[in-house]
Amino acid sequence: MPSIVEETPPPDEYSPHALLPFLHSQPQNALTRLYHRPSSCLSIFRLLAPIERQTIMNLLWLESSILLTTMSSWVVRDGKKIFDDAVATLSRLHILSNPSAKLGLNSTFKASLRHALTGGGTSGSFGVPAEIDDKRPSPTVQALDAYALERWETILHYMVSSGTGQLPAKPSQGVLYLLQRSGLMATNHGSQLQITSSGFQFLLHTPHAQLWELLLQYLQMVEERQMDLVEVLSFLFMLSTMELGRDYSTEGLSETQKAMLEDLRDYGLIWQRKASSRRFCPTRLATTLTSSLPPLPTATGAGTDGQAQGFIVLETNYRLYAYTDNPLQTAVLNLFVTMKSRFPNLVVGSITRESVRKALANGITADQIISYLTTYAHPQMRKNKPLLPVTVQDQIRLWELERNRVKTQEGYLYTAFASQADYEYVLNYAKQLDVVLWENPARRCFFGSLEGHSNIRGFIERRTAAGNGGS
Amino acid sequence: MERGSHLSLIIDLSPSQWHLSADPSNPYPLSFKTFLSHVLTFVNSHIASKHENTLAVFGAFPGKSVMLYPSSETTDDPTISSDPNTYRPFKLLDSVIARNIGRELELLGDSDDEAPVALVGALTKALCYINRHAHVPTGSATEDATAFTDPRILILSVSPDLSTAYIPVMNAIFSAQKLKVNIDVCKVYGPDTIFLQQAAHLTGGSYIYLERRDAFLQYLIMSFLPTPSMRKVLAVPKQDKVDFRAACFCHKNIVDIGFVCSVCLSIFCSPVPVCSTCRTKFPIKTLQRLNASRPVVPAAHNGSANGTPRAPAGRAEQLVIGQSALRDEEIDHLS
C-alpha cells in the first residue's frame, strides 16, 4: 500500500488574491488611472499581503523616498525573503516606483490613499448616496441577503443540474454567456449547455472564490465588449466599499458603469427596484468583495439565522450526514456521495468507491473533495483532530491514485526492420537520444516518444539512402 | 486567509498635561488637536488594513474612564451625514470618537485641582472588553467570525506615574498575560512611567518614548500598526532597559530597596514588625538585623530585591531585580 503524504497547508498561510495576477498584467497607465480613485486604492490595499500593507503604510506619510537598505533594516533576518517578495509585488503593481535603490510610493497612489484615510477630496469615489425617499424605503438587509442568495444559487443550481436532465430556473442570457466563455459550461453537440469538468471543480470552491472567478472572467471579456477596463474595475472597488442596506444614486456613474449595473444585477451583486431605476443597493456579495467574511448570509436556507456554513458530519465508516434542506447543496454533494435517504432537514449518504470515481471522472480531484468536506464541516466535527477521519481522507486519495495507474504517452512504433543489425543500429541511436519507451528485440520493434521521431526518421532515411548509393 | 485583529486604544486625556504638552516652549510642542488628528488617521489605517479588523477606544479622563468607541449609538446615526468622498466606516468612527471626547471634556468642569487620570480604569475596561469577545460561548456557529484574534492594547500616555496605582496596574498586567494580550505603550509627553514600561515588557509589547513629537503619526504606524503575528517578521523597537522598581504598599513610594513579606510578597519601604496585608508577625531579631543592614545613604544605582503583589510564584522572578532607570530606547529615525 503506498504511503499517503498529508498535503494540507497550514490555514494561516497567505495566498495572494486571485485579482492580483490580473492587475499585474495591466499596463502602467491603466493602473495609474485606477489609482486616481481613493476607493480603488483602499480596496487594492486590502487585497495585499500583511507585509505589503505595512510597507505601504510606512511610506505613506513620508514626503521623500528612502533607501531600500534603511527600510529592510526593519525586517528581521528570517523575514528578508518575504520583504523582498513584497517589494517586488508592489513594484509590479506600480505602487512602488523605481524600487531598485530608493523606496517611494507612486504619487497618485499616495495621494489617493491619503485621501481615503483622512476623507475629503472631490472624487466621490465611495458612492453618492441617494436621498432618503419616504415613499420607497430602501430594502432591509434581510431582503437584500435573500435576493443575493436567490440569484447566486440560481446560477449554481443551473450548473449542477445541467447534466441530470432536470431543468431548474434559467439564469439570464448574460450569465449563460459568461459561464460558457469561462469554460465552466459548454454546448455539447446541440443547443443544450453542459457543465464541464472545470465547472464541477468550480462548484466545490468557496462562494468567495467562485465570485472572484466569475468576476475575473467578466473582466477578461470587458475589452471585447468595448468597455473601459479602468471604469469597470473602479466600479467594482467602489461597490466593495459601500455600505450594506443603503441606497446609492446612479448619478455620477459613467455610461460604462451604468451598463454594468445590468450585468451585476444578474449576478446578484446589486439590487434595483426596476431596470430604469436611478438608485441601486449593493448586496452582501458586493460589499464583502475585499474581505474574507462569508459573502452569502446563510447558505443553509432561511430560518436558521446565524448558522454557519458547516453542515456536514462525516464518520469513519464513510457515512455522511448533511444537515441541509438546500437543493443546491444536496446536488453538489450528489457529485461525490451515494445518497441513501432524505429527511426534511437531513440528507444521509455514504462515500463509496463508485461515487468518488464518478466525481473523478467528472474532473474533480480528491483534494477538492476533501477541502469541500473540510470547509463545510459541521461545528461538531471541528472538535475532532484531524477534522476529517484519516481513513476516509486516505481512501479518497487512494481511489484517485487508482485511476492514475496507467499513463498515456504519444509516440511511434518502429517495426519491420530488414535485419537484426539494422534494428540494433537504429535502436542504439534512439537510446543515445533517450527516446526509447519500450523495445522487443524478438519481434524487432521498439516504441519511441513523439519528440524523437523526426530524428529517428531522418536517421533511417539517411541510412537507407547511403545503403542504396553504396550498392 | 488571515483573520482580523483587534486593537484596544487607551487615550490619556488629562487636560492639564495636554496644556503643558502644547506649550510652545517645548522642543516639539504637540497640541491635543494635532494629536487627535494623528490618532484618528492611525485608527483609520488599522481599520483599512483589513475588513475584519476591530477597534475599541477608551478614554482615561481625570477621575473616570469612558468607552469612546464603539458606543451604543454608533451603529446607525442619522446625524452623521453621508459623504461620497469618505469611506463611511472611517467617517462614523472619527465623528463618534471626536464627539464623545468633546462631550466628556465639557462635563469635566473647571475645578482647579484635577483628579488623577483613571488610566487603570480604562485598562481594566479594555481587558474586560477583550475577554468578553474572546470567550464567545462555544457551540455557537459564529464563534470563528467574531472572536478576537491577536488582541492588543495600545496606551497613549501623557500623565506621570501614579504610585497609588501600582497594585492595580500589576494586576492588570497579570490578566493581560493570562489573556495573551500585548500591551504597547507610547509615552507622548512627560517623564517615563516605570509601571507602563513594566506592562509593555511583561506582556511582550513595546514601549516607546516619543522623542520627535512632530513625527507622531510615523511612530504610530511603524511601531504600533503591525499585528503581533507580523512582528515576527518586522523588527519593532523594544526598550533595552526596563525600570523594574516597585512601589511600597505602605506609603505608595517607588523604592530602590524594598522589604518583602516572606508570606504574601507585600513590599514595604522599611522593615515592619507586622505585615499589613497578611498580618504575619516577624521576629524582632530579623527586624533588628534588617535595620542594621540598611545603608545610611540609599544607593541610587543598585536597585534591590522587590516583589510583586499576588503574583503567581513562577512569575515572580521576572520582576525581582531591576537596574535603575537608564533610558535608552532604540528608535530608528526614518523621517
Side-chain angles (χ1 to χ4, degrees), chain A residues 11-12 14-15 38-39 42 45-46 49-51 53-54 57-58 60-64 66 70-71 73-76 78-79 82-83 113-129 208 240-243 246 252 288 290-294 306-310 379-380 382, chain B residues 1-5 37-38 40-53 76 78 81-92 94-95 138-145 149 215-218 220-223 225-227 229-237 332-335:
Chain A
D12 287 342
Y14 177 81
S15 60
S39 61
L42 182 63
F45 177 70
R46 282 190 168 168
I51 182 119
R53 291 200 301 260
Q54 183 65 36
M57 271 298 165
N58 286 351
L60 182 63
W61 300 97
L62 299 177
E63 293 305 331
S64 55
I66 61 165
T70 315
M71 195 50 124
S73 67
W74 276 80
V75 184
V76 297
D78 295 343
I82 308 176
F83 177 73
L113 191 57
R114 282 183 182 185
H115 268 309
L117 288 180
T118 56
T122 52
S123 57
S125 70
F126 292 99
V128 182
H208 197 259
S240 75
T241 57
M242 283 179 169
E243 198 185 24
R246 187 166 273 271
T288 54
T290 53
S291 86
S292 60
L293 289 176
Q307 163 134 23
Q309 309 268 320
Q380 288 291 327
R382 305 221 170 257
Chain B
M1 205 127 186
E2 29 139 13
R3 312 250 293 274
S5 76
S37 68
H38 285 197
L40 290 182
T41 311
F42 170 71
V43 294
N44 284 352
S45 309
H46 172 72
I47 296 292
S49 295
K50 192 115 187 73
H51 195 277
E52 296 82 5
N53 278 358
D76 201 18
S81 63
S82 299
D83 173 4
N85 299 317
T86 314
Y87 185 44
R88 195 169 154 78
F90 294 168
K91 175 117 183 158
L92 274 177
D94 297 357
S95 43
T138 48
S140 87
T142 50
E143 76 180 299
D144 279 358
T149 48
F216 179 48
L217 179 61
Q218 194 65 27
L220 283 180
I221 283 179
M222 295 202 75
S223 317
L225 192 61
T227 57
S229 59
M230 223 164 44
R231 294 184 193 182
K232 288 176 198 135
V233 179
L234 289 175
V236 166
D332 252 344
H333 283 293
L334 291 164
S335 43

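Each chain gets a letter, A, B and so on, in the order the sequences are listed, and its residues count up from 1.
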Undergrad: A side-chain contact here means heavy atoms from C-beta on lying under 4.5 Å apart; do W61(A) and T41(B) qualify?
TA: yes
Undergrad: Given heavy-atom pairs under 4.5 angstrom as the criterion, report whether the side chain, backbone, both or neither of I51(A) touches chain B.
TA: both
Undergrad: At what distance, to the nearest 0.5 angstrom, does CH2 of W74(A) lie from OG of S223(B)?
TA: 4.5 Å
Undergrad: Which heavy atom of L117(A) sits nearest to which heavy atom of A48(B), and what is that distance?
TA: CD2-CB, 3.8 Å
Undergrad: Taking all heavy atoms of L42(A) and all of Y87(B), pick out the closest pair and write down the distance.
TA: CD2-CD2, 3.7 Å
Undergrad: Kindly give the heavy-atom pair with the smallest separation between V233(B) and G79(A), and that separation in Å.
TA: CG1-CA, 3.8 Å
Undergrad: Any chance you could lay out the side-chain contact (heavy atoms from CB on, under 4.5 Å) test for R88(B) and R246(A), step after step, and finish with the verdict?
TA: CA-CA 11 Å; R88(B) 195 169 154 78; R246(A) 187 166 273 271; 3.2 Å; yes
Undergrad: What part of N58(A) gets within 4.5 angstrom of chain B, counting heavy atoms only: side chain, backbone, both, or neither?
TA: both
Undergrad: State, with a plain yes or no, whether a side-chain heavy atom of V76(A) is found less than 4.5 Å away from one of K232(B).
TA: no
Undergrad: Heavy-atom distances under 4.5 Å only: say whether T241(A) touches chain B with side chain, backbone, both or neither.
TA: both
Undergrad: Compare every heavy atom of I221(B) with every heavy atom of M57(A), then report the nearest pair and how far apart it is.
TA: O-CG2, 3.6 Å
Undergrad: Using modelled atom types only, decide if a donor and an acceptor are shared between the side chain of R46(A) and the backbone of S49(B) within a distance under 3.5 Å.
TA: no
Undergrad: At a heavy-atom separation under 4.5 Å, does I47(B) approach chain A through its side chain, its backbone, both, or neither?
TA: both
Undergrad: Which heavy atom of L234(B) sits nearest a heavy atom of Q54(A), and at what distance?
TA: CD1-CG, 3.3 Å
